[in-house]
Number of protein chains: 2
Amino acid sequence: MRRDIFQAIADPTRRAIIALLAMQAMTPNGIAEHFDTTRQAISKHLRILTECELLKQEHQGREIFYHLEIQKMKEIDKWLEQFRKLWETRFDQLDDVLSNLQKNKK
Amino acid sequence: MRRDIFQAIADPTRRAIIALLAMQAMTPNGIAEHFDTTRQAISKHLRILTECELLKQEHQGREIFYHLEIQKMKEIDKWLEQFRKLWETRFDQLDDVLSNLQKNKK
DNA sequence: AATTTGCGAAAACAAACGGTTGCATATATA
DNA sequence: TATATATGCAACCGTTTGTTTTCGCAAATT
């Protein structure tokens, strides 16, 4: 079973859950209220997110609060890093083109 | 058919293709040589990546060069933005803790 | 003109995914 | 103790995914 962070954020519901939990820790029932599916479906998403360590559980009586492990999100940022330089460079090149156009106007 | 950039980068082969094409434009056969699958499998990945506008084709005779539309990658960065503030804040808090520990040492 | 090469598209298939239903377990409450 | 609540887990189901195989087409080569 493939279970990495990229597969985790591929699902729009899971991305919404991540965004929700970025604000505050919540219980499965609390989370499920925000969506149009069953609690069990949400529970499955929570399991996937927990398995790739994007979420952590905090048991509190019979309730389980899930909170976001924000540090894990940096893995995506890290992967993106190799491209960031590239698209910034292209931007610089575009800037060059634009300033040249400006020059030629004069 | 869901076809967004998050689903596109969910597959490790597709991520590898993206990384490859970040260096230089390549043909399907050229790309396939780097992997342990058939050209047709790669071709399907290329179709998916092209459909969500991560790649663009450049026909050259009977060859087709695929090149990365690096700007599209910024969409991931854009989504990540809402969390970046968060994890940087947590870092600042950690810095505070560390500097307090330093103070107490004195 | 015939053949080779580079490519995409369709069909087929096992595996994975996302969802629902039903049930088991643990904690709170009457 | 009996009941209600919060949750996880297994079984099942239809759909999607990733791959291979086969085919067809267009451009290059002979």
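What's counted below: heavy atoms across the whole structure, side chains too, no hydrogens, waters or symmetry copies.
Remark: B:R84 pairs with A:D77, B:D77, B:E81 by the side-chain hydrogen bond (donor to acceptor under 3.5 Å, both in side chains) rule, at least two apart or across chains. For B:Y66, the ring pair (Phe, Tyr, Trp, His ring centres under 6.0 Å) test picks out no residue, with sequence neighbours left out. Evaluation of the salt bridge (Lys or Arg N to Asp or Glu O under 4.0 Å) rule for A:E53 yields A:K72 as partners, not counting sequence neighbours. Under the ring pair (Phe, Tyr, Trp, His ring centres under 6.0 Å) criterion, B:F65 pairs with no residue, sequence neighbours left out.
Here NE2 of A:H34 is found 4.5 Å from CE of A:M26. Values are rounded to the nearest 0.5 Å. To the nearest 0.5 angstrom, A:I70 atom CD1 is 10.5 Å from B:E88 atom CD.
When heavy atoms are screened at a 4.0 angstrom cut-off, B:F65 is found touching no nucleic acid atom at all.
If you measure from atom CZ of A:R47 to atom P of D:dA6, you get 22 Å, rounded to the nearest angstrom. Here the P atom of nucleotide C:dG8 and the CG atom of B:L55 are 11 Å apart, to the nearest Å. Nucleotide C:dA28 holds its C1' atom 17 Å from the NE2 atom of A:H59, rounded to whole Å. A:L46 places its CG atom 11 Å from the C1' atom of D:dT7, with the value rounded to the nearest Å. Taking atom CD on A:E51 and atom C1' on C:dG18, their separation rounds to 15 Å, with Å as the unit. To the nearest angstrom, C1' of C:dA28 lies 15 Å from CD1 of A:I64.
OP1 or OP2 of C:dC7 has not a single side-chain nitrogen or oxygen of B:Y66 nearer than 4.0 Å. Phosphate proximity of D:dT17 to A:Q7: absent, as no side-chain N or O sits under 4.0 Å from OP1 or OP2.
Closest to the side chain of A:R3, from the set D:dG8, C:dC17, D:dG18, is C:dC17.
The shortest side-chain heavy-atom distance between B:E69 and B:L55 does not fall under the 4.5 Å cut-off. You'll find the side chain of B:T37 reaches within 4.5 Å of the side chain of B:I42, heavy atoms only.
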Report summary line: Under a 4.0 Å heavy-atom criterion, the protein footprint on nucleotides 19-30 of chain D, written with B, S and -, is BBBB----BS--
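If you chain together hydrophobic residues whose side chains sit under 4.5 Å apart, B:I17 and B:I48 never meet in one group.
Taking every heavy atom of residues 25-32 of chain A and every atom of DNA chain D, pairs under 4.0 Å involve A:T27, A:P28, A:N29, by number.
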